[in-house]
There are 2 protein chains.
Amino acid sequence: MIREKKRIFSAFADMKGLRATRQRDLILDVFLSTHQHISVEELYLKVKAANRGIGQATVYRTLKLFVEAGLAREIVLHDGQTRYEHLVAGEHHDHLICTGCNSIIEFENEAIEELQREIAARHGFVIKSHKLELYGLCPSCRN
Amino acid sequence: MIREKKRIFSAFADMKGLRATRQRDLILDVFLSTHQHISVEELYLKVKAANRGIGQATVYRTLKLFVEAGLAREIVLHDGQTRYEHLVAGEHHDHLICTGCNSIIEFENEAIEELQREIAARHGFVIKSHKLELYGLCPSCRN
DNA sequence: AACGATATCGATAATTTTTATCATTAACTC
DNA sequence: GAGTTAATGATAAAAATTATCGATATCGTT
């Protein structure tokens with residue numbers, strides 16, 4: 001799985017004529033070792049713990065490459081933080097977000113996807129991606 | 001319609017013990033006169049054109065009140081701009097966004113809403129709001 | 001393996017967006 | 001109308017992201 005993603009990035013880099021650098025390798029390693037939905041700052045701290053010399057501009061730059069390569073996706077929550085989540089080509093999930101404790105539950109629903117395709121087709125659109133976020137209160141925060 | 005929204009805000013202000021100020025009246029007027037999806041900066045410029053003396057902090061503060069009052073909703077597009085759209089209580093729409101020309105088409109789909117409620121219920125969530133954005137290419141940008 | 005062209009890096013300045021501060025002004029209560 | 005205090009505007013500050021640029025490391029070519 002991790003090996004697969006590294007291969008994807010490597011192929012992407014080749015295709016774009018990008019160089020393989022220690023920094024990119026490390027940032028990818030650390031990113032792949034994290035849980036879902038990490039912010040740039042969080043990732044930067046983890047990367048810096050592994051190699052003090054890495055600047056945060058590089059982390060910003062590299063995350064954008066991951067998005068381009070299809071390995072990650074930006075998600076913007078209502079708290080103004082931009083986060084990145086892991087993504088495997090062709091697979092994705094939507095989010096159920098608790099506004100009380102900010103916890104995130106992921107789900108997939110093929111019926112919704114199908115309806116989305118119908119709607120898009122009705123407007124002549126070709127869908128590339130989508131984002132569905134449901135905001136509410138989880139069982140623990142309802143009280 | 002506009003009158004109705006003004007009444008909603010007025011009721012909200014009463015309920016929260018907020019004062020009715022010239023600035024809030026003006027900002028609401030201007031906001032209601034705009035098209036969908038306006039950014040804070042854009043609204044600030046329009047408001048300033050009508051009354052030079054208004055500061056942009058006030059526009060930021062007032063827009064947050066509109067959200068609280070249920071008159072507006074924040075939407076964050078992938079271009080990093082936070083925008084506000086009009087919203088009537090109980091009514092809302094989702095977005096079909098062209099990544100080529102950034103045009104936005106709105107739609108509603110009760111079947112999707114129903115599926116969302118099912119998913120939420122399955123996780124014990126109480127849904128407060130949701131956001132659904134489909135990204136793709138519109139007919140003109142497909143070529 | 002060394003060379004040379006240049007992509008990439010790290011540090012930091014600069015931007016951009018949003019929020020906090022605070023003295024002044026203006027709503028509302030009595 | 002006077003007093004209380006929420007709200008404002010100007011500006012500083014904070015936070016997030018991007019641009020700049022000299023130094024460095026990568027990689028194809030020798």
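So that the names make sense, note that chain A is the first sequence line, chain B the second, and so on, each numbered from 1. What you see is a predicted model; the values in this text were computed from it and never measured.
Looking at the side chain of B/Thr82, the nearest of the listed nucleotides D/dA16, C/dG10, C/dT18 is C/dT18. Nearest nucleotide to the side chain of B/Arg22, out of C/dT18, C/dA26, D/dT20: C/dA26. Of the candidate nucleotides C/dT19, C/dC28, D/dT26, C/dT19 has the atom lying nearest to any side-chain atom of B/Tyr60. Among C/dG10, C/dT8, D/dT8, the nucleotide with an atom closest to any side-chain atom of A/Leu18 is C/dT8.
Counting to the nearest Å, the C1' atom of C/dT25 and the CD1 atom of B/Ile54 are 14 Å from each other. Going from atom CG of B/Asn51 over to atom P of C/dA26 covers 12 Å, rounded to whole Å. Taking atom OH on A/Tyr44 and atom C1' on D/dA15, their separation rounds to 15 Å, with Å as the unit. Counting to the nearest Å, the P atom of D/dA16 and the CG atom of A/Leu43 are 15 Å from each other. C/dT18 atom P lies 12 Å from atom CD of B/Glu42, rounded to whole Å. In this structure, B/Leu26 places its CG atom 13 Å from P of C/dA27, rounding to the nearest Å. Look at NZ on B/Lys64: it is 13 Å from C1' on C/dA20, rounded to the nearest Å. A straight line from CZ of A/Arg83 to C1' of D/dA16 spans 13 Å, rounded to a whole angstrom.
Both B/Thr21 and B/Ala57 sit near DNA chain C, but only B/Ala57 has its closest nucleotide nearer the 5' end.
Below 30°, between 30° and 60°, or above 60°: for B/His37 and B/His95 the angle between ring planes is above 60°, a perpendicular geometry. Ring pair B/Phe66/B/Phe9 is perpendicular by interplanar angle, where above 60° counts as perpendicular and below 30° as parallel.
At a threshold of 4.0 Å, the pair B/Lys131-B/Asp94 does not count as salt-bridged, since none of the basic side-chain nitrogens sits closer than that to a carboxylate oxygen. Ion pair A/Asp29/A/Lys6 flagged as a salt bridge, since at least one NZ, NE, NH1 or NH2 atom sits closer than 4.0 Å to an Asp/Glu carboxylate oxygen. The existence of a salt bridge linking A/Glu110 and A/Arg117 is confirmed by a sub-4.0 Å separation between a basic side-chain nitrogen and an acidic carboxylate oxygen.
Contact annotation: side chain of A/Arg52 to base of C/dG10, donor-acceptor pair absent below 3.5 Å. A donor N or O paired with an acceptor N or O is not found under 3.5 Å between the base of D/dA7 and the side-chain atoms of B/Arg19. Side-chain atoms of A/Arg24 stay outside donor-acceptor range of the base of C/dT8, with no qualifying N/O pair under 3.5 Å.
Distances shown here put every side-chain N or O of B/Gln56 at or beyond 4.0 Å from the OP1 or OP2 atom of D/dG9. When the side-chain nitrogen and oxygen atoms of A/Gln23 are compared with OP1 and OP2 of C/dG10, one or more of them lie within a distance under 4.0 Å.
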